[in-house]
Amino acid sequence: MREVYEFTARTFTGVRPTPFGALIVESKTGTLLVRATNAVMRENDPSCHAELRAVRLGCKKLQRQSLAGYTMYSTCEPCPMCMGNALWARVDRVVYGATIADANRQCLQIQISAKEVTRRSDMKCVVEGPVLRELCNSLFTHPAMRKAFRVWSTRKSMLARH
């Protein structure tokens, strides 16, 4: 979890900080497969969540559609879209830091837990979290991120008017 936290925190030195980061490791060995951060703003694509990007990169790297045998670590509890994608990819386990409720204090979220998405699925995946919650939540409250959230809110307001 610390590795995904540190990887994600490095975005704060750039022009597009994000509190959302994910990495995928081999479940048995812990060997890193891929890591990714949220790119929604950069790509102008609402599906460019860190977890989805990590799954896409991992499947591409392995040249298969299954990530069975792999674990995903995420700085934040995966949203229903991301958790559904992890289930479809057959990820063994998802471990998250901050909760959806933590993220919702700063930005919009769909209030359905990753565990609930998994419970309602035919596919199996162990969901663990929160782990290092306060550390991961600090990504949402970092001054650079608070500034970015204000810009995101302003941008959303401007787009809604047009």
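All figures in this text were calculated on a predicted structure; none of them were measured in a lab.
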Original post:
So Val117 and Arg119, side-chain contact (heavy atoms from CB on, under 4.5 Å) or not? Walk me through it.
Top reply: CA-CA 6 Å; Val117 173; Arg119 187 183 69 73; over 6 Å; no
**OP:** Please list, chain by chain and in numerical order, all residues satisfying side chain to side chain donor-acceptor pair (under 3.5 Å) with Asn137, sequence neighbours excluded.
**Re:** none
**OP:** Output the distance between atom CG (Leu135) and atom CD (Glu6), rounded to the nearest 0.5 Å.
**Re:** 8.0 Å
**OP:** Might you work through the salt bridge (charged side-chain N to carboxylate O under 4.0 Å, His left out) test for Arg120 and Glu116, ending with a clear yes or no?
**Re:** CA-CA 6 Å; Arg120 297 175 125 211; Glu116 177 66 11; 3.0 Å; yes
Subject >> Nearest heavy-atom neighbours spanning Asn85 and Glu51 >> reply: ND2-O, 4.5 Å
Original post:
With Glu26, which residues qualify under salt bridge (charged side-chain N to carboxylate O under 4.0 Å, His left out), at least two apart?
Top reply: none
Subject >> Donor + acceptor pair across side chains of Arg2, Tyr73 (<3.5 Å) >> reply: no
Original post:
Does a side-chain heavy-atom distance below 4.5 Å link Phe7 with Thr75?
Top reply: no
Subject >> Shortest non-hydrogen contact from Pro80 toward Ile110 >> reply: CG-CG2, 3.7 Å
**OP:** For residues Val94 and Thr71, determine if any side-chain heavy atom of one lies less than 4.5 Å from a side-chain heavy atom of the other.
**Re:** no
Subject >> Heavy-atom neighbours of Glu128 CD exceed 12 at 6.0 Å >> reply: yes
Original post:
Does the side chain of Val55 reach to within under 4.5 Å of the side chain of Ile24, using non-hydrogen atoms?
Top reply: yes
Original post:
How far does CE of Met72 sit from SG of Cys82, to the nearest 0.5 angstrom?
Top reply: 7.5 Å
Original post:
Does a side chain donor of either Asp92 or Ser27 reach within less than 3.5 Å of an acceptor in the other side chain?
Top reply: yes
Subject >> Interatomic distance, Thr8 atom OG1 to Met145 atom CE [nearest 0.5 angstrom] >> reply: 11.0 Å
Original post:
Should the pair Phe149 and Phe140 be assigned to parallel (<30°), tilted (30 to 60°) or perpendicular (>60°) ring geometry?
Top reply: parallel
**OP:** Give the minimum heavy-atom separation between Leu23 and Val25, together with the two atoms involved.
**Re:** CD1-CG1, 3.4 Å
**OP:** Taking the side chain as every heavy atom from C-beta outward, state whether Gln111 and Ile100 have any atom pair closer than 4.5 Å.
**Re:** yes
**OP:** Measure the shortest side-chain to side-chain distance between Arg42 and Cys48 over non-hydrogen atoms and say whether it is less than 4.5 angstrom.
**Re:** no
Original post:
Side chains of Leu139 and Tyr5: closer than 4.5 Å at any heavy-atom pair?
Top reply: yes
Subject >> Taking every non-hydrogen atom, the tightest pair across Thr11 and Thr37 >> reply: CG2-CG2, 3.8 Å
Original post:
If you take all heavy atoms of Ala144 and Pro17, which pair is closest and at what distance?
Top reply: O-CG, 3.9 Å
Subject >> N/O donor-acceptor pair under 3.5 Å between Lys61 side chain and Leu33 backbone >> reply: yes
Original post:
Hey, what do you get for CG (Asn38) to CG (Asp45), rounding to the nearest 0.5 Å?
Top reply: 10.0 Å
Subject >> side chain to side chain donor-acceptor pair (under 3.5 Å) against Tyr96, all qualifying residues, sequence neighbours excluded >> reply: none
Original post:
Are any of the side-chain heavy atoms of Glu3 and Arg35 separated by less than 4.5 Å?
Top reply: yes
**OP:** Report yes if the side chains of His49 and Phe20 come closer than 4.5 Å at any heavy-atom pair, otherwise no.
**Re:** no
Original post:
Minimum heavy-atom separation for Leu67 to Cys59, with atom names?
Top reply: CG-SG, 3.9 Å
Original post:
Testing Glu134, Arg146, Arg105 for side chain to side chain contact (heavy atoms under 4.5 Å, CB included) with Thr141, which one passes?
Top reply: Arg146
Original post:
Say you draw a straight line from OG of Ser47 to CZ of Arg53; how long is it, rounded to the nearest 0.5 Å?
Top reply: 10.0 Å
**OP:** Please determine which of Pro130, Cys76, Ser113 meets the side chain to side chain contact (heavy atoms under 4.5 Å, CB included) test together with Thr99.
**Re:** Pro130
Subject >> From CD (Gln65) to CZ (Arg56), nearest 0.5 Å >> reply: 14.5 Å
